[in-house]
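All heavy atoms count here, side chains included; hydrogens, waters and symmetry mates do not. Residue numbering restarts at 1 for every chain, and letters A, B, ... go by the order of the sequence lines.
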Amino acid sequence: MLLTRLAQVSQEIAATSARSRKTALLAELFRDAEPDDVPIVIPYLAGRLPQGRLGIGWKVLSLPVPPATEPTLTVAEVDARLTELGKVSGTGSQAERARLVAELMGAATDDEQRFLFGLITGEVRQGALDAVAVEGLAQATGAPPADVRRAVMLAGSLQTVAEALLAEGPGALTRFRLTVGRPVLPMLAHSASSVAEAVEKLDACAVEEKLDGIRVQLHRDGDTVRIYTRTLDDITDRLPELTAMAMELRGERFILDGEVIAFDAAGRPRSFQETAGRVGSRVDVATAAKEVPVSPVFFDALSVDGHDLLDLPFAERHAELARLVPEPMRVRRTLVSGPDDLTAAEDFLAETLERGHEGVVVKALDAPYSAGRRGASWLKVKPVHTLDLVVLAAEWGHGRRTGKLSNLHLGARTADGGFAMLGKTFKGMTDALLTWQTERLQELAVETKGWGVTVRPELVVEIAYDGLQRSTRYPAGVTLRFARVVRYREDKRPEEADTVETLLAAHPEVRP
DNA sequence: TTCCGACAGTGGGGTCGCAAT
DNA sequence: ATTGCGACCCCACTATCGGAA
């Protein structure tokens with residue numbers, strides 16, 4: 001199959017907003033793909049490279065290369081060239097990589113260049129990724145969408161399922177079962193603004209500590225232990241202490257879900273930055289493990305002794321977990337019978353925050369494990385802080401925000417009467433707000449840059465954030481975590497905005 | 001008819017590792 | 001040694017479609 005066909009279909013998908021139409025377009029293309037092309041075409045149209053990341057980014061891809069006039073590239077050839085590029089990334093020089101990219105781009109037409117750019121940078125912007133591709137695959141093969149979806153969750157890969165389905169038909173789906181050693185996409189949580197709201201929605205539930213660490217899925221099959229992240233990357237080698245602990249547990253074959261986190265000597269959680277740095281260290285793991293040891297804290301069991309627990313209610317899965325894992329390695333929790341029992345939930349949240357953790361996750365006791373989904377049966381509750389800050393500058397948006405000033409530079413007042421930038425945010429804005437701020441900020445502009453505008457520091461904006469973290473990038477030595485716009489405060493003057501001093505005082509645990 | 005769950009998109013900061021300067 | 005880049009951790013929020021209620 002020619003790459004140009006994919007580029008055209010991708011454009012058509014982007015051009016329609018109807019998901020049913022997107023699905024139909026994908027299904028048609030999947031049906032037309034030759035068996036050899038299937039492992040390439042499916043991921044490409046789901047906006048993904050079969051090779052995973054290549055070590056090629058926006059920078060190298062942006063170097064201008066004159067496009068070809070005639071479309072001649074086949075998907076097989078593109079795949080071969082990208083595989084070559086991936087190999088060079090592992091060993092070779094950047095110059096060699098740039099040469100290979102230029103060669104590939106030079107063989108592509110204008111449309112194909114655009115498609116490849118999006119594919120490699122991970123920004124296809126066609127409004128259809130994995131989930132829509134799964135629908136298309138179901139339609140192309142006549143398999144029930146729910147069955148295809150489940151098989152993809154269990155295989156942890158769309159491509160594997162697609163190949164089997166297109167080669168053997170819907171019967172192949174039964175092959176994909178939960179298997180120890182093969183990671184499944186983890187269940188995710190929605191947000192709730194309070195425990196009252198969460199308990200109201202879920203009724204009988206467990207309220208568990210939410211730890212600010214790294215999500216892990218631990219598989220043990222006899223003497224073999226494997227540990228995977230949220231995105232199913234294998235990080236076994238970086239967590240030797242976890243492997244050792246897994247061997248101590250009372251079971252031979254199991255899959256557990258949990259979090260790893262570093263605690264200090266007093267048993268309080270260390271900052272996310274410290275835990276993440278430790279888990280990210282790959283070169284000298286032994287030293288890193290000595291300096292920042294991490295502990296596993298498990299909260300779910302997906303499989304025990306060959307039994308698939310995914311469809312069991314949480315209460316039963318947790319009973320299995322408790323049988324296998326001693327209490328210190330399980331997440332702290334309390335059981336709540338329903339809205340009448342709200343005080344217990346609220347006390348537990350207060351206690352959890354006192355212990356230095358992020359918040360809580362409220363989980364329905366009767367819900368199955370929804371692998372790969374953001375199920376409504378897990379609700380996280382975290383305290384929100386707010387500040388009144390001043391807009392110092394704004395950057396032009398991309399994609400659907402093209403032509404709108406989007407990303408705001410936020411400043412707090414300093415002792416000398418100026419402003420110190422604390423970070424940026426593009427979150428929390430409605431389309432109407434984007435339009436309004438684009439106009440308003442241009443009125444306040446003092447300087448126009450390629451990336452946006454700097455403005456007179458006059459506009460006050462209320463910002464919600466999750467906490468403070470140390471920063472080497474910003475002048476106050478700190479930055480906001482997960483900042484988002486709540487509303488503009490045109491009733492406030494910049495002299496009334498919050499100061500760096502009061503911000504630091506509100507977070508004594510973070511010292512710049 | 002209205003409501004709501006699921007998705008995609010738009011990016012944020014930090015850290016690590018590697019190659020180039 | 002320092003800098004720039006890419007990968008991968010953490011993540012919030014809005015718009016939209018289409019099935020459920």
Participant: Taking atom P of dG9(B) as reference, at what distance in whole Å does atom CE of M429(A) sit?
Facilitator: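 Computing the M429(A):CE to dG9(B):P distance gives 20 Å.
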Participant: Should E197(A) and K201(A) count as an ion pair when the cut-off is N to O under 4.0 Å?
Facilitator: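 The answer is yes: the pair qualifies as a salt bridge.
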Participant: I'd like to know whether the aromatic ring centres of W451(A) and H409(A) sit less than 6.0 Å apart in this structure.
Facilitator: yes
Participant: Using the rule side-chain contact (heavy atoms from CB on, under 4.5 Å), only one of V360(A), V207(A), V362(A) pairs with L349(A); which is it?
Facilitator: V360(A)
Participant: Does a nitrogen or oxygen in the side chain of T425(A) sit under 4.0 Å from OP1 or OP2 of dG11(B)?
Facilitator: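 The answer is no; no side-chain N or O of T425(A) sits under 4.0 Å from OP1 or OP2.
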Participant: Look at the side chain of T430(A) and decide which nucleotide, out of dG6(C), dA15(C), dG13(B), has an atom nearest to it.
Facilitator: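 Nucleotide nearest to T430(A)'s side chain: dA15(C).
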Participant: For dC16(B), does OP1 or OP2 lie under 4.0 Å from any side-chain N or O of R238(A)?
Facilitator: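 So the side-chain polar atoms of R238(A) never come under 4.0 Å of the phosphate oxygens OP1 or OP2 of dC16(B).
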Participant: If you only use heavy atoms from C-beta on, which nucleotide in dC17(C), dG9(B), dC8(C) is closest to the side chain of R19(A)?
Facilitator: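 Among dC17(C), dG9(B), dC8(C), the one nearest the side chain of R19(A) is dC17(C).
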Participant: Hey, which sits more toward the 5' end of DNA chain B by its nearest nucleotide, Y474(A) or A95(A)?
Facilitator: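 The residue mapped nearer the 5' terminus is Y474(A).
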Participant: Salt-bridged, R48(A) to D130(A), with N to O below 4.0 Å?
Facilitator: yes
Participant: Could you say whether G423(A) or V283(A) is positioned toward the 5' end of DNA chain B, judged by the nucleotide with the nearest heavy atom to each?
Facilitator: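 Of the two residues, G423(A) wins.
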Participant: Within this structure, what is the NZ-to-P distance between K380(A) and dC10(C), rounded to whole angstrom?
Facilitator: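 For the pair K380(A) NZ and dC10(C) P, the rounded distance is 10 Å.
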Participant: From the options dC9(C), dG14(B), dC11(C), select the nucleotide whose nearest atom is closest to the side chain of F482(A).
Facilitator: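 So the nucleotide nearest the side chain must be dC11(C).
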